[in-house]
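Here, residue 1 is the first one in the sequence, and each next residue gets the next number.
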Amino acid sequence: PAVRHRDDSRVLVGILGGSVAGQLGTWHSERLRGVLSELPRFAGREIEFIKLGMPGYHQPQQVLQLAYILAQGGQFDIVLNIDGFNEVAVPGALNAPQGAHPLFPMNWSMVALDTPNLEVRRNIGAVEFLQHERREKAARFQESWRRRSPLAKLLWKREDQRLAQRASRYASLVQTFTPDEVPFFVRGPEAWHDPDHELISACVALWKRCSLQLASLCEDAGIEYVHFLQPNQYLPGSKPLSSQEKASAYDAEGPYRPVIETGYPLLRAAGAELKASGVRFVDLSLLFEKESDTLYVDSCCHFNADGNQIMSEAIASELAM
């Protein structure tokens, strides 16, 4: 349950953000619990995570989440806000090209429109077909004697990566709508559809205001608030990419690279302003700067277990202060 109440036997840690925060709070929560449990401040107390990170969530949805839970009488000891990627990627690379309001939930057009045009439906079908092909080929390979061959395994992986990249390209084409297909409840009330750079700047300014609001909500409720800017592979110089990451976790022609290259320097600068204003802000965008091993698992933003371990240790290091 999201609504819980403090007591002396446990520490309630809320984790806000998108899918990176969601995966840390679910699949990798034991890694985070393990490093936090070693801190003297948590000695003898059970650490419980209130898992609020959801795929595609971006500000101001974290503010709405926290306010909604507090309004119901929910309590936290600590709130960790781990975000940044979705704040520029969802508005700039997904919603705005669809004609959807940038601050609405991810892929709002696909949720709100009952009957997208024929071309959109065709692209959706192509994505599903390619994903089906990946599943079928993987199943056949696992049942084949060739699975013991390193060469056959390499060839299968390359084919799987090729299919995944094709599926990603078709998925990006799903974002195309003609103006007459975008009704008011999709595009929203405000004129947010500025040129790319102005849109990203506006989203970063909103992100900063939302963090200030989260900090204020937490302060009023006696909650410790810490804001982390997550790493991302498209920030130049943020990680030496392994050969596997270059093949499957970096798409130079995809929709995310340009918005991250534009938006992350702005997020880092706004984060420094948050810190100067008294918000406990930690910039993790260069967390993997010296890590040459494979940590990213897709062409979006997600990490493997090793990446989540490194991030857990960075979070624990901050909470130890």
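- One N or O on the side chain of R41 and one on the backbone of L319 form a donor-acceptor pair closer than 3.5 Å.
- Using a 4.5 Å heavy-atom cutoff, the side chains of P91 and H58 are in contact.
- Applying the side-chain contact (heavy atoms from CB on, under 4.5 Å) criterion to E136, with sequence neighbours excluded, gives H132, R140.
- Under the salt bridge (Lys or Arg N to Asp or Glu O under 4.0 Å) criterion, the residue pairs touching residues 10-24 are D7-R10, R10-E48, with sequence neighbours excluded.
- Closest of all the heavy-atom pairs between S168 and S299 is OG-OG, 4.4 Å.
- Taking each heavy atom of P258 and G254 in turn, the nearest pair found is CD-O, 3.7 Å.
- Under the ring pair (Phe, Tyr, Trp, His ring centres under 6.0 Å) criterion, F141 pairs with W156, sequence neighbours left out.
- Contact annotation: the side chain of L103 approaches that of P60 to within less than 4.5 Å [non-hydrogen atoms, C-beta and beyond].
- Remark: side-chain polar atoms of N304 are paired, donor with acceptor, to backbone N or O of T294 under 3.5 angstrom.
- Residues passing the side-chain contact (heavy atoms from CB on, under 4.5 Å) test with L286 are L235, S238, R268, E289, sequence neighbours excluded.
- You'll find the ring centres of Y256 and F85 inside the 6.0 Å limit.
- Applying the salt bridge (Lys or Arg N to Asp or Glu O under 4.0 Å) test to residues at least two apart or on different chains, none of the pairs has a partner in residues 297-309.
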I'd like a table of donor-acceptor pairs (distance under 3.5 Å, sequence neighbours excluded) in which one partner is a side-chain atom from residues 65-80, with atom names and distances.
from: Q65; atom 1: NE2; to: L52; atom 2: O; distance (Å): 2.9
from: Q72; atom 1: NE2; to: Y68; atom 2: O; distance (Å): 3.3
from: Q75; atom 1: OE1; to: R6; atom 2: N; distance (Å): 2.8
from: D77; atom 1: OD2; to: L12; atom 2: N; distance (Å): 2.8

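- Here A215 pairs with Y225, V279 under the side-chain contact (heavy atoms from CB on, under 4.5 Å) rule; sequence neighbours left out.
- In summary, the side chains of R158 and Q161 do not present any donor paired with an acceptor at a separation below 3.5 Å, with no hydrogens or angles considered.
- Shown here is D8, whose CG atom has no more than 12 heavy atoms of other residues, nucleotides or ligands within 6.0 Å.
- Heavy-atom minimum distance, L284 versus A314: CD2-CB, 4.0 Å.
- Rounding to the nearest 0.5 angstrom, the gap separating the CG atom in N86 from the CE atom in M106 is 7.0 Å.
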Checking side-chain hydrogen bond (donor to acceptor under 3.5 Å, both in side chains) for the pair R147/Q142: CA distance, chi angles, key distance, verdict?
CA-CA 6 Å; R147 69 182 185 278; Q142 290 303 318; 5.2 Å; no
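- Atom CD of Q59 and atom CG of L214 lie 5.5 Å apart (nearest 0.5 Å).
- The side-chain heavy atoms of P1 and V3, taken from C-beta on, include no pair separated by under 4.5 Å.
- Legend: salt bridge (Lys or Arg N to Asp or Glu O under 4.0 Å) pairs involving residues 254-267, not counting sequence neighbours, sorted by first then second residue: R257-E261.
- Side chain of E224 to main chain of C218: no donor-acceptor pair is present (N/O by atom type, distance under 3.5 Å, no hydrogens or angles).
- Taking each heavy atom of G92 and V259 in turn, the nearest pair found is C-CG1, 4.0 Å.
- Considering only heavy atoms from C-beta on, L16 stays 4.5 Å or farther from D83 through its side chain.
- Taking a cutoff of 4.0 Å between a charged side-chain nitrogen and a carboxylate oxygen, K208 and E87 do not qualify as a salt bridge.
- No donor-acceptor distance shorter than 3.5 angstrom exists from the side chain of S216 to the backbone of L212, with no hydrogens or angles considered.
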Determine, stepwise, if the pair H227 / L274 fulfils side-chain contact (heavy atoms from CB on, under 4.5 Å).
CA-CA 9 Å; H227 187 180; L274 283 171; 4.0 Å; yes
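- Residues passing the salt bridge (charged side-chain N to carboxylate O under 4.0 Å, His left out) test with R148, sequence neighbours excluded: none.
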Under the side-chain hydrogen bond (donor to acceptor under 3.5 Å, both in side chains) rule, what do N308 and H28 come out as? Steps first, then yes or no, please.
CA-CA 7 Å; N308 277 280; H28 304 284; 3.3 Å; yes
Would you please test Y264 and Y234 for ring pair (Phe, Tyr, Trp, His ring centres under 6.0 Å) and show each step?
CA-CA 9 Å; Y264 252 62; Y234 293 107; 9.9 Å; no
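- Each of P231, C301, C300 was evaluated against V20; a single residue qualifies, C301, per the side-chain contact (heavy atoms from CB on, under 4.5 Å) test.
- Applying the side-chain contact (heavy atoms from CB on, under 4.5 Å) test to R162 and every residue at least two apart in sequence or in another chain returns E159, R166.
- Salt-bridge check for R280 with E318: passed, with a basic side-chain N closer than 4.0 Å to an acidic carboxylate O.
- Residues W108 and Y57 do not share a hydrophobic cluster, defined by chaining ILVMFWY side chains whose heavy atoms lie under 4.5 Å apart.
- The side-chain hydrogen bond (donor to acceptor under 3.5 Å, both in side chains) check on E30 picks up R33, with sequence neighbours excluded.
- One N or O on the side chain of N95 and one on the backbone of N107 form a donor-acceptor pair closer than 3.5 Å.
- Residues F303 and V297 do not share a hydrophobic cluster, defined by chaining ILVMFWY side chains whose heavy atoms lie under 4.5 Å apart.
- Applying the salt bridge (Lys or Arg N to Asp or Glu O under 4.0 Å) test to every pair with at least one member in residues 241-256, sequence neighbours left out, gives these pairs: R169-D251, K239-E245.
- Outside the 6.0 Å centre-distance limit, the rings of H302 and W27 are not counted as a close aromatic pair.
- Remark: L24 CG to S312 OG distance equals 4.5 Å, nearest 0.5 Å.
- Listed here is the closest heavy atom pair of S29 and K51: OG-NZ, 4.4 Å.
- With values rounded to the nearest 0.5 angstrom, L287 atom CG is found 8.0 Å from M311 atom CE.
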Is there a side-chain contact (heavy atoms from CB on, under 4.5 Å) between F228 and I315 once you walk through the steps?
CA-CA 8 Å; F228 297 91; I315 291 170; 3.9 Å; yes
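- You'll find the ring centres of Y296 and F288 inside the 6.0 Å limit.
- For H101 against G188, the heavy-atom pair with the smallest separation is CD2-CA, 4.0 Å.
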Go through the steps to decide whether L266 and S201 satisfy the test side-chain contact (heavy atoms from CB on, under 4.5 Å), and finish with yes or no.
CA-CA 7 Å; L266 300 177; S201 297; 3.7 Å; yes
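- Between the side chain of R4 and the backbone N or O of F49 there is at least one donor-acceptor pair closer than 3.5 Å.
- Proximity of L163 to K137: side-chain heavy atoms (C-beta onward) are separated by under 4.5 Å at one or more points.
- With contacts defined as side-chain heavy-atom distances shorter than 4.5 Å, the pair L199/V88 does not qualify.
- A distance of 7.5 Å separates CD1 in I47 from CG in L39, rounded to the nearest 0.5 Å.
- Atom-to-atom distance recorded for I15:CD1 and M54:CE is 14.0 Å, nearest 0.5 angstrom.
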